[in-house]
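Below you'll find the structure, written out as structure tokens, and then a few comments.
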2 protein chains.
Amino acid sequence: MTEDTPLRSRQSPTADELRTWRGFIETAQALNARLSARLHEESALSPGDYAVLLALSEADGRRLRSSELADAVGWERSRLSHHIRRMEGRDLIRRDDCAVDYRGAEVVLTDHGAQAFRSASVPHLRAVRELFVDALTPDQLEQVEHLTAALRTRLDRPAR
Amino acid sequence: MTEDTPLRSRQSPTADELRTWRGFIETAQALNARLSARLHEESALSPGDYAVLLALSEADGRRLRSSELADAVGWERSRLSHHIRRMEGRDLIRRDDCAVDYRGAEVVLTDHGAQAFRSASVPHLRAVRELFVDALTPDQLEQVEHLTAALRTRLDRPAR
DNA sequence: GGCGCATGATTGACACGTCAATCAAATGTG
DNA sequence: CACATTTGATTGACGTGTCAATCATGCGCC
């Protein structure tokens, strides 16, 4: 859209633009922090736990290959591996060897994990509504869609 | 008007609302991740390092009491304490005893730290422009202001 | 002056995240 | 078939973040 601003786009943001940026990023972080805190209070789950349990709950047979789970939650493998180890210690999930590929592992939701997810999800979704959805008008929610789409277009371009 | 509107706000978000929420929060996280990666590539500083160096750069005499620094960057004290220890090891800052209150400590920007901040800030601000400011129209930037203000109003209310 | 509490800051334990190295099983290629 | 490479996953090291406990100094109060 802006073919003619090769120089301008290399400069620093103005003070106003920086304020908008800081407001945006800090608000998003604050929202995250608040939701994480409520999740933890209400169900003793971290956001990571919740993401893993959600993916497994929706999976066929409540089980996924490690790599599929990593894709589902959008994490690196090693991050998932560490997290899975901790969750296994709390009996939220279990690791099975994979029958069709002996390199692979399957992550399986335990009954206790399924139960924990169920009791966490309702209050969590309610919190999302209270702190995000209900804070905005329908028009504003639509604006958010457009904004994130615009930002993502830029982000999806090669790393630099 | 209908009986179900008061109840509605206690229910879970709709699928559309959840999609908007996920888009918002994931975009913010992706933006953060990208900016952190660039900061690290270009200057070997973490976002935390940058925040601390920024606050000290703007401080009188390039020094602040620990508690003032914690307020400036919005961190808990113990978090700051851990971070400061690591930064001291890299000669970005130094800790002095405080003359007026022997409980207190002052955090001082070293020359090396000041230099590191200077060389980091220009590329960092350019990245903010590229990935955020330039991705949005002026109208959209203004919408962001209104949105974050609305979200913050809700967040600033008592914790639950 | 001495006692008790408040305050400034640090520490330790542990959860979380990234990166590079590792390892074993699978696969392709001569 | 043999051997190098790729693939699925784990590990170790280390930076980061939170919480509770700790510690020393400052300060109010008798």
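Reckoned from all heavy atoms, side chains included, excluding hydrogens, waters and symmetry mates.
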To the nearest Å, give me how far apart CD (B:Gln29) and P (C:dT18) are.
11 Å
Closest-nucleotide mapping onto DNA chain C: is A:Ser78 or A:Tyr102 further toward the 5' terminus? I mean the 5' end.
A:Ser78
Separation of atom CG in B:Asp101 from atom P in D:dG26, rounded to whole Å:
6 Å
Enumerate the residues from residues 79-97 of chain A whose closest heavy atom to DNA chain D is under 4.0 Å, giving them by residue number; use none for an empty result.
A:Ser81, A:His82, A:Arg95
Side chain to side chain, A:Ser121 and A:Tyr50, heavy atoms closer than 4.5 Å:
yes
Measure from CD on A:Glu68 to C1' on D:dA9 and round the result to the nearest Å.
14 Å
Check whether any side-chain nitrogen or oxygen of B:Arg65 sits under 4.0 Å from OP1 or OP2 of C:dA9, and answer yes or no.
yes
Given A:Arg126, which partner from the list A:His124, A:Glu130, A:Arg129 fulfils the side chain to side chain contact (heavy atoms under 4.5 Å, CB included) test?
A:Glu130
With no hydrogens and no angle check, do the side chains of B:Arg94 and B:Thr110 hold a donor and an acceptor under 3.5 Å apart?
no
Closest to the A:Glu76 side chain, choosing from D:dT16, C:dT18, C:dA9
C:dT18
B:Arg103 atom CZ is separated from C:dC5 atom C1', nearest whole Å, by 12 Å
Parallel, tilted or perpendicular: which one describes the rings of A:Phe24 and B:Phe24, with boundaries at 30° and 60°?
perpendicular
Length of the CG-P vector between B:Asp71 and C:dT7, whole Å
14 Å
Which sits closer to the 5' end of DNA chain C, B:Ser66 or A:Pro47, going by the nucleotide each is nearest to?
B:Ser66
State, yes or no, whether a side-chain contact exists between A:Arg95 and A:Arg85 at a heavy-atom distance under 4.5 Å.
yes
Residue-phosphate contact under 4.0 Å: B:Arg77 side-chain N/O, C:dA9 OP1/OP2
yes
Is A:Ser46 side chain donor-acceptor paired with the C:dC16 base, going by distance under 3.5 Å alone?
no
Distance check: side-chain N/O of A:Ser67 vs OP1/OP2 of D:dA9, anything under 4.0 Å?
yes
Got a donor-acceptor contact below 3.5 angstrom from the B:Gln143 side chain to the A:Gln143 backbone?
no
Which heavy-atom pair separates A:Ala44 from A:Arg90 by the least distance, and what is that distance?
O-NH1, 3.5 Å
